[in-house]
Amino acid sequence: MDKVGVLALQGAAQLHVEALRALGASPVEVRTPADLAGIEALVLPGGESTTLSKLLDSSGLSDAIAERLADGMPAFGTCAGMILLAADVLDGRPDQRCFGAIDVSVRRNAFGRQVDSFETALAVDGLAGGAFPAVFIRAPVVERVGEGVEVLATVDAWPPGGDGARRPVLCRQGSVLVAAFHPELSGDLRLHQRFLSGT
Ligand code: GLN
């Protein structure tokens with residue numbers, strides 16, 4: 001993959017652009033439907049999914065991206081980007097839309113408020129080189145995983161003293177990868193690399 005779009009309507013786009021460039025790809029900031037021309041894959045960064053949903057509608061990108069996703073364009077959604085790619089959003093706004101590109105239900109702000117943000121060493125299936133430093137900022141969590149979705153990493157359930165189950169925070173279905181955390185913030189490029197190589 002070479003020409004990779006980064007949705008740049010709002011939120012944490014810049015560090016994704018830098019990560020992709022460092023890996024030898026040609027990132028393109030996407031703000032209008034015309035920016036999607038020639039894009040082979042799309043990164044949907046963190047930010048505020050309710051705001052992003054509105055901006056996607058007003059920019060005309062909602063339908064344009066939905067079409068490309070339906071055609072099989074690979075996508076990597078992080079944090080709010082994961083919410084946008086999900087099939088269902090719990091604790092969302094009633095008018096919030098999502099693309100349904102991966103069959104998971106996600107709960108917004110599942111780990112509490114901004115002050116409850118945290119970093120953890122995440123064990124990721126099939127990732128060489130040890131644990132991944134994962135930064136969670138008002139992060140969502142995956143509450144339901146459909147058939148055909150691979151769970152690549154989990155964290156302890158929240159809140160402490162809950163049902164004790166672990167919850168998925170990194171999932172893949174086909175060429176769609178979603179992370180509840182911000183892989184662009186830790187300077188570790190392995191997940192971007194994995195996305196680009198399609199493995
Ligand atoms: N809490 C945000 C939302 O619901 C996501 C936070 C993030 O992307 N860091 O959209």
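Atoms within a ligand are numbered from 1 in the order they appear, just like the ligands themselves.
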> Just to verify, which of Arg108, Lys54, Arg93 counts as forming a salt bridge (Lys or Arg N to Asp or Glu O under 4.0 Å) with Glu48?
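Single pass found, and it is Arg108.
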
> Mind checking whether His182 has an N or O less than 3.5 Å away from an N or O of ligand 1?
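The answer is yes, given that His182 and ligand 1 share an N or O pair closer than 3.5 Å.
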
> Treating Glu119 as the side-chain partner and Ala134 as the backbone partner, does any N or O pair qualify as donor plus acceptor under 3.5 Å?
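Flag not set: sc Glu119 to bb Ala134 has no pair under 3.5 Å.
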
> Okay, side chain of Thr154, backbone of Arg166: is any donor-acceptor separation there less than 3.5 Å?
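Between the backbone of Arg166 and the side chain of Thr154 there is no qualifying donor-acceptor contact (under 3.5 Å).
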
> Between Pro140 and ligand 1, is there a nitrogen or oxygen pair with a distance under 3.5 Å?
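Pro140 vs ligand 1: no N/O contact under 3.5 Å.
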
> Quick one: nearest non-hydrogen protein atom to atom 10 (O) of ligand 1, plus distance?
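Heavy-atom neighbour on the protein nearest atom 10 (O) of ligand 1: Ser49 N, 2.5 Å.
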
> Taking only Lys NZ, Arg NE, NH1 and NH2, and the carboxylate oxygens of Asp or Glu, determine whether Asp156 and Arg167 approach each other closer than 4.0 Å.
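Judged by the 4.0 Å cut-off on N to carboxylate O distance, Asp156 and Arg167 do not form a salt bridge.
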
> Just to confirm my output: which protein heavy-atom neighbour is closest to atom 4 (O) of ligand 1, and how far is it?
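Atom 4 (O) of ligand 1 sits closest to the protein heavy atom Arg108 NE, 2.6 Å.
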
> Ignoring hydrogens and angles, tell me if any N or O in the side chain of Glu29 forms a donor-acceptor pair with the backbone of Ala8 under 3.5 Å.
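No: the side chain of Glu29 does not pair with the backbone of Ala8.
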
> Answer yes or no: does an N/O atom from Ala80 fall short of 3.5 Å to an N/O atom of ligand 1?
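Min N/O separation from ligand 1 is below 3.5 Å for Ala80.
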
> Tell me which protein heavy atom sits closest to atom 2 (C) of ligand 1, plus the residue, atom name and distance to 0.1 Å.
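The closest heavy atom on the protein side is Gly47 O, 3.6 Å.
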
> May I ask you to decide if Gly92's main-chain N or O and Arg107's side chain share a donor-acceptor pair within less than 3.5 Å?
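Answer holds: no.
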
> Would you mind running through ligand 1 and noting each atom that sits below 4.0 Å from a heavy atom of Gly46?
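Numbered from 1, ligand 1 contributes 8 (O).
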
> How close does the nearest protein non-hydrogen atom get to atom 1 (N) of ligand 1, and which residue and atom is it?
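Going atom by atom, the protein heavy atom closest to atom 1 (N) of ligand 1 ends up being Asn109 OD1, 2.6 Å.
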
> With a cut-off of 4.0 Å, which atoms of ligand 1 are near a heavy atom of Arg138?
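Counting atoms of ligand 1 from 1, those under 4.0 Å from Arg138 are 1 (N), 2 (C), 5 (C), 6 (C).
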
> When you measure from atom 7 (C) of ligand 1 to every protein heavy atom, which one gives the shortest distance, and what is it?
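Answer, as residue, atom name and distance: Cys79 SG, 2.7 Å.
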
> Do you know the tightest heavy-atom contact between Phe136 and Phe181?
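Reported closest heavy-atom pair: CZ-CD2, 3.8 Å.
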
> Enumerate the atoms of ligand 1 whose separation from the nearest heavy atom of Ile83 is less than 4.0 angstrom.
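Near Ile83, meaning under 4.0 Å from one of its heavy atoms, ligand 1 has 3 (C), 4 (O), 10 (O).
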
> Are the side chain of Arg68 and the backbone N or O of Leu36 linked by a donor-acceptor pair below 3.5 Å?
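It does hold such a pair.
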
